[in-house]
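Following: one structure in structure tokens, then a few remarks.
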Amino acid sequence: MKVFLADDEIVVREGIRESFPWDETPYTLVGEAPDGEMALPMIRDTNPDIVITDIRMPFMDGLELCRMLRLQMPWIGIIVLSGYDEFEYARKCIHLGVREYLLKPINAAELRTVLDKVSAQLLEERKATFHAASLRARMESGGKFLKEKLIGSLFVEEAAEEDAGNVLKQLGTMGCPVPAPYYAVLDAAFSPTGTGQEAASALAETSGGIVHVSAGKHGTRLLVLGDTAEDAEEQAYVFATSLVRELERSGCTGICVGIGEIVAEPEKILQSYKSARHVRHLLVQRSQEQAAILGVREMGEVTDDRHVSSIISDAKLYILNNYSNPNLMLQDVAEAVNMSKSRFSTVFSQQNGQTFTDFLISLRLGKAKELLRGTDQKSSQIARDVGYNDAHYFSYIFKKVTGMTPSEYRSRYQNQPE
């Protein structure tokens with residue numbers, strides 16, 4: 001189980017990070033952030049199972065972070081940290097999908113107990129959802145089968161596009177509120193198809209009616225709903241990322257997910273599907289073994305690797321010029337190269353071989369090593385120079401990556417190349 005921590009108090013983050021025996025448990029701390037605004041893109045990037053968040057934080061507090069996670073990644077288990085005077089805030093979290101509360105200050109034993117409880121809940125829910133989806137897929141020949149057939153009819157090339165509106169109305173009468181302002185289609189291929197289709201159906205059921213699934217010859221097709229074009233695009237990329245993860249968990253291989261163009265009319269859903277299918281075909285040609293996701297806006301980039309390289313080069317240059325800014329986020333770089341956060345995260349990871357967060361950490365630590373080897377600056381000053389306001393967190397990250405503290409590294413490598 002991957003765990004992410006959001007808390008504006010350095011002492012709290014440091015205490016959880018250092019005092020909890022992560023290496024001796026089935027949990028891994030994959031990231032931390034001092035506020036919800038910084039945490040949200042990092043959570044999308046690291047895709048944790050559990051998020052531990054303080055309630056009161058600057059910029060975006062814990063309540064807003066819980067609300068965003070409930071909307072975008074409802075499968076994440078949330079644990080809230082609160083103080084004695086924050087009961088009213090904690091009470092509001094009941095409606096935001098929060099699993100457990102921890103009263104500050106906390107110790108390692110309390111945290112382990114709560115993590116075990118939430119982990120057991122998540123595993124049981126995944127098991128139940130998977131088996132329920134599997135059972136319905138085998139046994140139901142009525143409502144669900146008809147719904148999937150109707151959803152699938154939106155993706156049939158021979159079907160008249162003008163029938164799409166009628167299909168959505170039929171789905172509405174069956175209690176499936178599909179009509180929405182905007183739509184995006186995902187076309188996913190994987191093997192074995194049966195296992196993957198069950199996993200995709202189970203995951204779609206957790207979306208709260210945002211994603212609807214229909215089995216395909218090589219995998220599955222999914223209709224994603226959005227209130228705005230940006231919302232549809234964001235939901236599509238977030239779900240695609242989670243789908244890949246669930247398919248990998250289910251033992252699937254050859255995973256490719258194409259994301260179609262965003263459309264505003266039911267009659268254009270087929271058009272979105274065609275573009276998603278075309279992108280997926282291009283992905284299959286490029287990557288037979290490695291899981292991959294791509295959207296239609298990158299379709300031209302697939303056929304012109306020089307354009308992809310140019311975008312990634314521009315992004316890296318922007319990061320290189322701004323890595324010392326402690327507030328630098330994926331969103332800033334995405335805007336600089338004119339991409340949405342989710343799309344940029346996917347393209348950057350695929351083309352660069354590592355996530356944005358890993359790349360930024362690697363760059364910052366590389367610069368820190370240069371300063372440790374070639375200057376007599378204090379470690380705390382070097383931390384600030386490479387983008388870390390918290391010298392303790394800098395030392396933690398440095399040791400986690402290099403196996404040495406900054407002072408140990410300096411003693412070994414000062415005035416010599418690494």
Side-chain angles (χ1 to χ4, degrees), residues 1-126 206 238 242 245 329 355 357 361 390 392-393 396-397 400:
M1 287 279 176
K2 297 195 294 184
V3 180
F4 189 94
L5 173 63
D7 196 303
D8 63 323
E9 297 183 61
I10 294 174
V11 175
V12 174
R13 296 203 311 274
E14 193 174 68
I16 292 176
R17 184 201 316 138
E18 301 293 344
S19 65
F20 189 78
W22 297 102
D23 293 340
E24 302 170 16
T25 71
Y27 306 102
T28 302
L29 186 65
V30 294
E32 57 182 82
D35 65 78
E37 185 176 358
M38 186 177 293
L40 193 57
M42 294 177 69
I43 290 170
R44 293 195 193 105
D45 199 18
T46 56
N47 208 359
D49 300 281
I50 298 172
V51 169
I52 304 172
T53 178
D54 189 17
I55 287 183
R56 290 185 176 177
M57 298 184 292
F59 305 110
M60 180 192 290
D61 64 15
L63 289 178
E64 179 64 12
L65 178 60
C66 290
R67 189 184 72 80
M68 296 297 290
L69 292 178
R70 178 75 180 272
L71 287 172
Q72 296 183 9
M73 306 177 79
W75 47 87
I76 287 179
I78 303 174
I79 299 171
V80 160
L81 304 177
S82 65
Y84 283 107
D85 60 341
E86 295 171 343
F87 176 75
E88 184 62 25
Y89 285 95
R91 189 177 64 82
K92 292 179 181 178
C93 292
I94 294 173
H95 305 291
L96 297 175
V98 171
R99 304 283 182 143
E100 287 292 327
Y101 304 92
L102 280 171
L103 195 62
K104 294 181 179 180
I106 62 173
N107 59 45
E110 292 172 332
L111 180 57
R112 176 63 191 266
T113 298
V114 171
L115 283 173
D116 286 347
K117 185 175 181 180
V118 173
S119 174
Q121 290 174 356
L122 293 175
L123 290 172
E124 190 62 31
E125 288 170 8
R126 287 173 184 168
T206 69
V238 169
S242 299
R245 187 178 177 208
M329 295 189 294
T355 66
T357 302
I361 289 173
D390 183 352
H392 295 291
Y393 182 58
Y396 163 75
I397 290 292
K400 182 179 180 182

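Being a predicted model, the structure only gives us computed values, none of them experimental. In what follows, every heavy atom counts, from backbone to side chain, and hydrogens, waters and symmetry copies are set aside.
Side chains of Lys104 and Asp7 form a contact here, defined as non-hydrogen atoms less than 4.5 Å apart. Using a 4.5 Å heavy-atom threshold, the side chains of Ile16 and Leu29 count as separate. Residues Ile43 and Leu65 are in side-chain contact: their nearest non-hydrogen atoms beyond the backbone lie under 4.5 Å apart. Looking only at side-chain heavy atoms (C-beta outward), Leu103 and Ser82 come within less than 4.5 Å of each other. Val80 is listed as a side-chain neighbour of Thr53, based on a closest heavy-atom distance under 4.5 Å. Counting only heavy atoms from C-beta outward, the side chains of Met73 and Asn47 approach each other to under 4.5 Å. For the pair Thr113 and Glu110, the minimum side-chain heavy-atom distance is 4.5 Å or more. Side-chain contact check for Leu122 versus Met1: some heavy-atom pair is nearer than 4.5 Å.
Asp49 and Arg245 are joined by a salt bridge, as a carboxylate oxygen and a charged side-chain nitrogen come within less than 4.0 angstrom of each other.
Looking only at distances, a side-chain donor or acceptor of Tyr27 sits under 3.5 Å from a matching main-chain atom of Leu115.
The CD1 atom of Ile76 lies 9.5 Å from the NZ atom of Lys2; values are rounded to the nearest 0.5 Å. Within the model, atoms CG of Leu69 and CG of Leu40 stand 6.0 Å from one another, a figure rounded to the nearest 0.5 Å. The line from CG of Asp8 to CD1 of Ile55 is 12.0 Å long, rounded to the nearest 0.5 Å. Atom CZ of Phe4 and atom OG1 of Thr28 lie 14.0 Å apart (nearest 0.5 Å). If you take CD on Glu14 and CD on Glu9, they are separated by 12.5 Å, rounding to the nearest 0.5 Å. Of the inter-residue distances, the one linking Arg17 atom CZ with Glu32 atom CD reads 4.0 Å to the nearest 0.5 angstrom.
A 6.0 Å sphere centred on NZ of Lys117 holds no more than 12 heavy atoms belonging to other residues, nucleotides or ligands.
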- Task: For side chain to side chain contact (heavy atoms under 4.5 Å, CB included), just list the numbers for Ile52 and Ile79, CA-CA rounded to whole Å, side-chain angles, deciding distance to a tenth of an Å, and then say yes or no.
- Result: CA-CA 5 Å; Ile52 304 172; Ile79 299 171; 4.2 Å; yes

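Across all their heavy atoms, Arg112 and Pro26 have their closest contact at NH2-CD, 3.8 Å. Ile361 approaches Ile397 most closely through the heavy-atom pair CG2-CG2, 3.8 Å. Shown here for Ala6 and Ala39, the closest heavy-atom pair between the two residues is CB-CB, 4.1 Å. Minimum heavy-atom separation, Pro41 to Met329: CG-SD, 4.4 Å. Across all their heavy atoms, Arg99 and Gly77 have their closest contact at CG-CA, 4.0 Å. For Ser119 against Ile50, the heavy-atom pair with the smallest separation is N-CD1, 4.3 Å.
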